[in-house]
*Asks:* 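So that we are looking at the same thing, I have put the structure below in structure tokens.
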Amino acid sequence: MKIGQTSVVHLTSRLAVSIVGFVATVYLAREVCSETLGTYFLIVSVLYWLVVFGDFGTSTAVRKRLSEHDSSSGVLTAGIILQAGLFLIISTTVLV
């Protein structure tokens, strides 16, 4: 596919996702009480922040190192160990 076609498809799909998300939010706001909707948005925002803090850019760094031609096999192992350690720290903090 050409770059122009790819850009149009990408833009259209992002726009469609935004519209569907907006319509779903309006529907939920009308169907459930405000307390339930507030709880839902609180949980979604906490999960989003956990994803942000749980990554710390390690997935991007590992992907970059693996794409290099002289990458060592220890990069993937180190990335998995680092992600598992971050997961354990964050999940323990949340549970406490």
Side-chain angles (χ1 to χ4, degrees):
M1 213 186 288
K2 295 181 182 175
I3 189 100
Q5 291 173 333
T6 305
S7 299
V8 169
V9 168
H10 183 70
L11 176 66
T12 306
S13 65
R14 297 286 297 227
L15 187 61
V17 167
S18 295
I19 291 170
V20 169
F22 175 74
V23 170
T25 302
V26 170
Y27 174 75
L28 283 175
R30 291 184 177 268
E31 292 298 318
V32 300
C33 65
S34 60
E35 184 177 319
T36 305
L37 189 62
T39 304
Y40 168 75
F41 282 127
L42 178 66
I43 290 170
V44 167
S45 64
V46 167
L47 288 175
Y48 175 76
W49 281 106
L50 289 177
V51 167
V52 169
F53 286 128
D55 186 24
F56 281 124
T58 53
S59 60
T60 307
V62 168
R63 211 175 306 128
K64 180 185 181 305
R65 296 294 180 230
L66 288 176
S67 69
E68 295 174 351
H69 294 291
D70 57 339
S71 66
S72 63
S73 62
V75 173
L76 183 60
T77 306
I80 291 172
I81 291 171
L82 185 60
Q83 282 292 103
L86 286 171
F87 174 76
L88 286 175
I89 291 169
I90 290 173
S91 61
T92 303
T93 305
V94 168
L95 289 176
V96 169

*Asks:* With the 4.5 Å side-chain cut-off for hydrophobic clustering, are Phe41 and Val32 part of the same group?
*Replies:*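 They do share one cluster, since a chain of ILVMFWY contacts under 4.5 Å joins Phe41 to Val32.
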*Asks:* Which atom pair, heavy atoms only, marks the closest approach of Leu66 to Leu76?
*Replies:*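 In terms of heavy atoms, the two residues are closest at CD1-CD1, 4.1 Å.
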*Asks:* For a 4.5 angstrom cut-off between non-hydrogen side-chain atoms, does Arg14 reach Val17?
*Replies:*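 Arg14 vs Val17: side chains apart.
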*Asks:* Nearest 0.5 angstrom please: Thr77 OG1 to Leu82 CG, how far?
*Replies:*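 Nearest 0.5 Å value for the OG1-CG distance: 12.5 Å.
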*Asks:* Quick one: pull up OG1 in Thr58 and CZ in Arg63 and give me the separation to the nearest 0.5 Å.
*Replies:*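 It is 9.5 Å, given to the nearest 0.5 Å.
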*Asks:* Taking the side chain as everything from C-beta on, heavy atoms only, tell me whether Arg30 gets closer than 4.5 Å to Val26.
*Replies:*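 Result yes, sub-4.5 Å side-chain heavy-atom pair found.
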*Asks:* Would a single hydrophobic cluster contain both Val51 and Leu86, if residues Ile, Leu, Val, Met, Phe, Trp and Tyr are joined by side-chain heavy-atom contacts under 4.5 Å?
*Replies:*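 In one cluster: no.
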*Asks:* Determine whether Ile80 and Ile89 fall in the same hydrophobic cluster, where Ile, Leu, Val, Met, Phe, Trp and Tyr are linked whenever their side-chain heavy atoms lie under 4.5 Å apart.
*Replies:*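 The answer is no; the residues belong to distinct hydrophobic clusters.
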*Asks:* Are Val23 and Val20 grouped together when hydrophobic residues (ILVMFWY) are joined by side-chain heavy atoms under 4.5 angstrom apart?
*Replies:*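 Each belongs to a different hydrophobic cluster.
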*Asks:* Check for me, please, whether Leu42 and Leu37 land in the same ILVMFWY cluster - side-chain distances under 4.5 Å, paths through other members count.
*Replies:*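 In one cluster with Leu42: Leu37, no.
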*Asks:* Could you measure the distance from the CD1 atom of Ile3 to the NE2 atom of His10? Nearest 0.5 Å is fine.
*Replies:*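 The NE2 atom of His10 is 11.0 Å from CD1 of Ile3, to the nearest 0.5 Å.
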